[in-house]
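Down below is the structure, laid out as structure tokens.
We name chains A, B, ... by the order of the sequence lines, and we start the count at 1 in each one.
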Amino acid sequence: MIALADCNNFYVSCERVFNPSLEGRPVVVLSNNDGCIVARSEEAKALGIAMGTPYFQAKDMIRKHDVQVFSSNYELYGDMSSRVMSMLSGFAPGIEIYSIDEAFLDFSHLKKVEDMETLSREIRSTVRQCTGIPVSIGVAPTKTLAKLANRAAKKNPDSGGVSVLAGDRRIEEVLKTTNIGDIWGIGSASAEKLSRAGIRNAMELRNASDNLIKSLLGIAGLRTAMELRGQSCIALEETTHERKSLCCSRSFGRPVQSLDELLEAVSQYVAEAAHRLRNEKLAAGAITVFIDTGRFRKSEHYFNSAMEILQVPCDGTAELASCATRLVRKIYRNGNAYSRAGVVFGSIGTSTEVQGDLFEEKRTSRAGLSEVMDSINRKLGGGSVFYAAEGVTKPWAMSRRKCSPHYTTRWEDLPTAG
DNA sequence: TCTGGGGTCCTAGGACCC
DNA sequence: TCTGGGGTCCTAGGACCC
């Protein structure tokens with residue numbers, strides 16, 4: 001058996017831990033650049049505010065019902081997440097951290113349903129007490145069913161936040177009441193295809209023929225169907241596997257037209273991404289840059305990207321930035337108002353095992369400067385030293401007008417009592 | 001006026017090999 | 001006149017996840 005522990009309305013819950021006055025009130029958290037609503041408290045959901053609603057479209061409703069609004073504070077959510085995950089990992093022999101607010105736990109050592117329920121309740125109350133975050137737990141024979149069990153736990157107020165899916169009758173009950181699009185692995189495109197073929201709920205997908213499913217959805221869809229039948233096809237992955245790409249992209253606070261501002265923004269994204277690269281002891285073998293006018297603008301949509309393969313994999317900000325700068329110049333088109341840009345590192349490998357260039361006469365040390373800058377920023381706080389190329393006033397920076405303090409990661413933001 | 005960001009996997013088609 | 005079969009690797013695009 002596998003358990004899925006999923007934090008309730010995670011970002012909202014993080015805000016509430018340090019601001020108890022939010023308890024019982026409608027609260028929403030916005031995506032980067034204060035664009036969309038990406039987390040809602042139960043009270044906000046009850047008002048009919050949908051996931052992903054653009055903030056500006058919901059403003060009337062927000063004012064009318066005095067909904068509390070927060071910008072995304074990923075520093076806070078990331079730190080709270082690691083607290084929750086470290087609590088969870090003490091409760092099971094195996095854990096797979098699946099996302100910032102979810103983890104699968106190995107429950108295979110438990111044989112009785114009552115034991116699974118008891119342990120789940122213990123996990124819930126301990127995590128709540130030690131971190132302040134409410135968690136729901138679903139238990140089932142496969143990951144896909146555990147996802148459904150978790151939904152059932154959240155939906156049913158009598159469940160106490162725990163639901164174990166064991167036994168054919170109980171499983172079928174849930175399958176029948178789950179819409180096809182609410183199954184893990186079935187997105188909108190697949191839901192559309194299936195419903196045209198007359199398959200509208202999880203039970204109907206489970207009972208459909210392998211050939212039909214494979215022809216409609218391919219091998220991934222077939223795996224999902226088998227998981228609904230109770231046959232585990234998606235293993236618990238306890239080891240974190242090596243990263244394949246690393247991306248830093250952001251929308252601008254206001255449209256950007258000048259090449260200079262675009263270059264500043266991209267330089268900053270490179271600096272951020274390269275810093276993460278070095279933290280993970282990795283080096284990039286290729287770099288892609290993209291710029292985008294955005295798809296909601298009335299004028300013609302312009303999106304373009306360019307890639308360069310590096311002679312020798314690299315983790316230094318300066319070298320990566322000079323490459324990125326070259327690429328921006330290549331795709332920049334004058335007269336456009338850009339709303340977004342980004343940098344993607346690919347062909348990633350371990351920085352200690354870099355294949356050198358046979359024909360390079362003398363290998364210059366590239367690591368030194370970035371390392372020194374990292375250590376200064378670690379000691380004095382992020383952003384203490386940076387390349388001037390990143391810009392100083394940054395008029396293009398994203399908006400985060402309603403960001404809460406970084407309660408757990410910055411000394412000056414420590415909450416005070418009394 | 002205002003619409004996020006960061007990932008992975010699968011598939012089909014092309015290029016190439018012997 | 002007539003031209004095989006089996007395989008790998010790479011890439012772009014689509015779909016999915018949170």
Side-chain angles (χ1 to χ4, degrees), chain A residues 4-11 28-40 50-60 62 69-74 77-78 81 96-104 143-144 147 150-151 180-194 214-224 233-235 237 240-255 269 272-273 276-277 280 285-286 288 290 292-298 301 303 305 307 309 337 339-348 398-402:
Chain A
L4 174 65
D6 190 322
C7 302
N8 301 354
N9 318 326
F10 182 55
Y11 298 169
V28 298
V29 176
L30 305 176
S31 63
N32 265 339
N33 212 28
D34 293 347
C36 295
I37 291 167
V38 292
R40 305 154 296 154
M51 179 70 175
T53 308
Y55 177 39
F56 72 91
Q57 281 176 11
K59 269 189 178 159
D60 284 347
I62 283 168
V69 180
F70 291 88
S71 301
S72 289
N73 185 345
Y74 287 108
Y77 311 150
S81 172
E96 173 188 343
I97 296 170
Y98 178 67
S99 75
I100 193 164
D101 70 335
E102 284 169 80
F104 291 102
K143 281 183 171 180
T144 306
K147 278 272 189 184
N150 195 285
R151 274 190 80 234
I180 198 81
D182 292 330
I183 303 169
W184 187 49
I186 306 292
S188 59
S190 300
E192 175 74 16
K193 273 188 213 165
L194 289 170
K214 177 113 192 279
S215 71
L216 289 173
L217 308 183
I219 194 74
L222 193 51
R223 271 204 283 264
T224 297
C233 298
I234 306 172
E237 293 179 25
T240 55
H241 26 226
E242 283 157 29
R243 171 196 283 289
K244 291 167 182 161
S245 69
L246 193 160
C247 167
C248 180
S249 82
R250 216 135 293 161
S251 295
F252 301 128
R254 60 140 171 82
Y269 303 162
E272 260 187 68
R276 280 163 58 200
L277 216 49
E280 299 180 28
T288 302
F290 65 83
D292 188 1
T293 58
R295 50 190 203 286
F296 298 106
R297 226 166 275 287
K298 283 204 186 67
H301 182 198
F303 173 95
S305 68
M307 191 194 62
I309 292 168
S339 65
R340 194 169 74 102
V343 177
V344 187
F345 294 150
S347 303
I348 287 180
M398 69 172 178
S399 354
R400 285 172 96 186
R401 296 221 179 88
K402 297 164 185 292

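Residue A/Arg400 is classed as having no contact, given no heavy-atom separation below 4.0 Å to the nucleic acid. Residue A/Arg254 is classed as having no contact, given no heavy-atom separation below 4.0 Å to the nucleic acid. In this structure, A/Ser245 reaches the sugar-phosphate backbone alone: every heavy-atom distance under 4.0 Å involves primed, P, OP1 or OP2 atoms, never a base. Among the atoms of the strands shown, none is found under 4.0 Å from any heavy atom of A/Asp34. Note on A/Thr53: nothing from the nucleic acid sits closer than 4.0 angstrom, heavy atoms only. Among the heavy atoms of the strands lying under 4.0 Å from A/Phe296 is at least one base atom, whether or not backbone atoms are also near. When heavy atoms are screened at a 4.0 angstrom cut-off, A/Leu246 is found touching the sugar-phosphate backbone but no base atom. No engagement by A/Leu217 is indicated, since no non-hydrogen atom pair under 4.0 Å with the nucleic acid exists. Here A/Lys147 lies in heavy-atom contact (under 4.0 Å) with sugar-phosphate atoms only. Within 4.0 Å (heavy atoms only), A/Ile100 reaches no atom of the nucleic acid at all. Here A/Ile183 lies in heavy-atom contact (under 4.0 Å) with sugar-phosphate atoms only. Among the atoms of the strands shown, none is found under 4.0 Å from any heavy atom of A/Ser339. Across all strands shown, A/Arg223 has heavy atoms under 4.0 Å from sugar-phosphate atoms exclusively, and none from any base.
Taking the six-membered ring for Trp and thresholds of 30 and 60 degrees, A/Phe252 and A/Tyr269 have nearly parallel ring planes, at less than 30 degrees apart. Using a 30° and 60° split on the angle between ring planes, A/Phe104 and A/Tyr98 fall in the perpendicular class, above 60°.
None of A/Ser251, A/Ser71, A/Ser399, A/Ser72 except one satisfies the side chain to side chain donor-acceptor pair (under 3.5 Å) rule with A/Asp34; the exception is A/Ser71.
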- Message: Between A/Phe70 and A/Val28, is the side-chain contact (heavy atoms from CB on, under 4.5 Å) condition met? List the steps.
- Response: CA-CA 6 Å; A/Phe70 291 88; A/Val28 298; over 6 Å; no

- Task: Using the side-chain contact (heavy atoms from CB on, under 4.5 Å) rule, take A/Val344 and A/Leu246 through it: C-alpha gap first, then chi angles, then the decisive distance, then the call.
- Result: CA-CA 6 Å; A/Val344 187; A/Leu246 193 160; over 6 Å; no

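Ionic pairing of A/Lys143 and A/Glu237 is not present here: no N-O contact between side-chain nitrogen and carboxylate oxygen is shorter than 4.0 angstrom.
Two residues, A/Gly218 and A/Glu272, neighbour DNA chain B, and the one matched to the more 5' nucleotide by heavy-atom proximity is A/Glu272.
Of all nucleotides in DNA chain B having an atom under 4.0 Å from a heavy atom of chain A, the first and last in 5' to 3' order are B/dC2 to B/dT11.
Side-chain atoms of A/Asn33 do not come within 3.5 Å of backbone N or O of A/Gly35 as any donor-acceptor pair.
Side-chain contact between A/Met398 and A/Arg340 is absent, with no heavy atoms from C-beta onward closer than 4.5 Å.
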- Item | Strand DNA chain C as a dot-bracket string - pairs counted if Watson-Crick or G-U with both distances under 3.5 Å, | where the partner lies in another strand | ....||||||||||||||

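Judged as a salt bridge (charged side-chain N to carboxylate O under 4.0 Å, His left out), and not counting sequence neighbours, the contacts of A/Arg250 are A/Glu272.
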